[in-house]
Amino acid sequence: MANLNVSIAGVEFKNPLIAASGTFGFGHEFSELYPLSALGGISCKGVTLEERPGNPPPRIAETPAGMLNSVGLQNPGVDHFIRDDLPWLKRQGTEVIANIAGNTLEDYCSMAEKLSETAVDMVELNISCPNVKQGGVQFGTSCAGVEGITAAVRKYCRKPLMVKLSPNVADIAEIAAAAESAGADVVSLINTLTGMRIDIRTRRPVLRNNTGGLSGPAVFPVAVRMVRQVFRRVKIPVVGMGGVSSWSDAAELMLAGASAVQIGTVLFRDPYAPLKITEGLNRYLDENGVKNVSELTGAMREW
Ligand SMILES: Cc1cc2nc3c(=O)[nH]c(=O)nc-3n(C[C@H](O)[C@H](O)[C@H](O)COP(=O)(O)O)c2cc1C
């Protein structure tokens, strides 16, 4: 058996599989199917300073190889998360990542400060949500915006800080470099790609929010390309995600440069995917004589 442990910014994950934010809630439903200790970690649903109802429905649409969502950060608020979800999550034997989103810079700083007093293992800064009117992606699409918010949050965040990047930019490597220079310990990518569908009978957009974020297998090649670009540009670890649905996808994203892999949309189709992916990855490592999964990170051969 290969060693599946990965160490990222001082946090030890027992394997490189992490549930992606917004696709695993706070873990309660999945814990009825299998022990959450099977996962390397959980990135929790994005929380905001105050509770949010999210966007009005319809807010999910199927696409040929994935889905469009415009959930709009429905969540119970950071205080509820800290009081009601975190203590339970910390007993599940997996690393817990708090994903935060805000309307303003002050929101982000205040949440980072609160979470620094708790047992969360890492904070993931979501500056890439395409589905909210204020905040979210508006901080994440320019180098100055990313640098400003990362530097501000860094002052308040005493946990390892992972900055989650948007693919809806011209040069993701420059954005990642901006996060690194402002004090990020890790970058994660990709969030969803902005998309839109129209109902040809009603001639209205399928989603009430008009646009939504595209995720699932359709975005996987984009994720591989961007993870590679970012891996080559920055020295901090890269956590990869976007359309991973099998163990071979996970291996591929690690070869591109990911130190760990988050999985999201596949969980809606197969909630057991993390178990299957970990098992398949393990077999692949054994068959190829690889002793540590971390040896895959960035090991793609250039032509
Ligand atoms: C329904 C849904 C809700 C999401 N909510 C969040 C969120 O709250 N915070 C966040 O950072 N990303 C959120 N995401 C983005 C995912 O974490 C992930 O970056 C993206 O879906 C790409 O990975 P995937 O193709 O494996 O799903 C959400 C995605 C989906 C499909």
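We count residues from 1, following the sequence as given. In each ligand, atom 1 is the first atom listed, and ligand 1 is the first ligand listed.
Closest protein heavy atom to atom 15 (C) of ligand 1: Asn191 OD1, 3.4 Å. In terms of protein heavy-atom proximity, atom 25 (O) of ligand 1 is nearest to Gly243 N, 2.7 Å. Nearest protein heavy-atom contact of atom 8 (O) of ligand 1 is Lys45 NZ, 2.9 Å. Remark: minimum distance from atom 3 (C) of ligand 1 to any protein heavy atom is reached at Gly22 O, 3.4 Å. Ranking protein heavy atoms by distance to atom 30 (C) of ligand 1, first place goes to Asn69 ND2, 3.3 Å. At the shortest separation from atom 7 (C) of ligand 1 among protein heavy atoms lies Ser21 OG, 3.3 Å. With respect to atom 21 (O) of ligand 1, the closest heavy atom belonging to the protein is Ser215 CB, 3.3 Å.
Asn5 and Ser7 share no donor-acceptor pair across their side chains, judged by distance under 3.5 Å alone. Remark: the Asn55 side chain and the Ser70 side chain contain no N/O donor-acceptor pair separated by less than 3.5 Å. In summary, the side chains of Thr265 and Ser215 do present a donor paired with an acceptor at a separation below 3.5 Å, with no hydrogens or angles considered.
In Asn75, neither the side chain nor the backbone holds a heavy atom less than 4.0 Å from any atom of ligand 1. Only the side chain of Asn99 comes within 4.0 Å of ligand 1, counting heavy atoms alone; its backbone N, CA, C and O stay farther away. With a 4.0 Å heavy-atom cut-off, ligand 1 is reached by no atom of Glu124. At a 4.0 Å heavy-atom cut-off, ligand 1 touches Asn126 through the side chain alone.
In this structure a side-chain-to-backbone donor-acceptor pair under 3.5 Å is present from Asn15 to Gly40. A side-chain donor-acceptor contact under 3.5 Å links Ser31 to the backbone of His28. Without hydrogens or angle criteria, Ser21 side chain to Gly46 main chain gives a donor-acceptor distance under 3.5 Å.
For ligand 1, the polar-atom distance check finds no N/O of Ile263 at less than 3.5 Å from any of the ligand's N/O atoms.
Proximity to Thr192 (heavy-atom distance under 4.0 Å) selects the following atoms of ligand 1: 20 (C), 21 (O). With ligand atoms numbered from 1 in the order given, ligand 1 contributes 18 (C), 19 (O) to contacts under 4.0 Å with heavy atoms of Met241. Atoms of ligand 1 found under 4.0 Å from any heavy atom of Gly216, numbered from 1 in the order shown, are 25 (O). Residue Gly242 has at least one heavy-atom neighbour below 4.0 Å for each of these atoms of ligand 1: 22 (C), 23 (O), 25 (O). Shown in contact with Ala20 at under 4.0 Å from a heavy atom are these atoms of ligand 1, numbered in order with element: 17 (O).
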Report task. Show your reasoning for whether ring pair (Phe, Tyr, Trp, His ring centres under 6.0 Å) applies to Phe139 and Tyr108. Result -> CA-CA 11 Å; Phe139 294 109; Tyr108 280 101; 5.5 Å; yes
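Checking Lys164, Met67, Gln262 against atom 12 (N) of ligand 1, the nearest heavy atom belongs to Lys164.
Paired with Gln74 under the rule side-chain hydrogen bond (donor to acceptor under 3.5 Å, both in side chains), one option of Arg52, Arg59, Glu51 passes, and it is Arg59.
Using a 4.5 Å heavy-atom cutoff, the side chains of Leu285 and Val293 are in contact. Put simply, the side chain of Met241 does not reach to within 4.5 Å of the side chain of Ile263, judged on heavy atoms.
For Leu267, the heavy-atom gap to ligand 1 stays at 4.0 angstrom or more.
When all heavy atoms of Leu281 and Pro16 are compared, the pair lying nearest together is CD2-CG, 4.0 Å.
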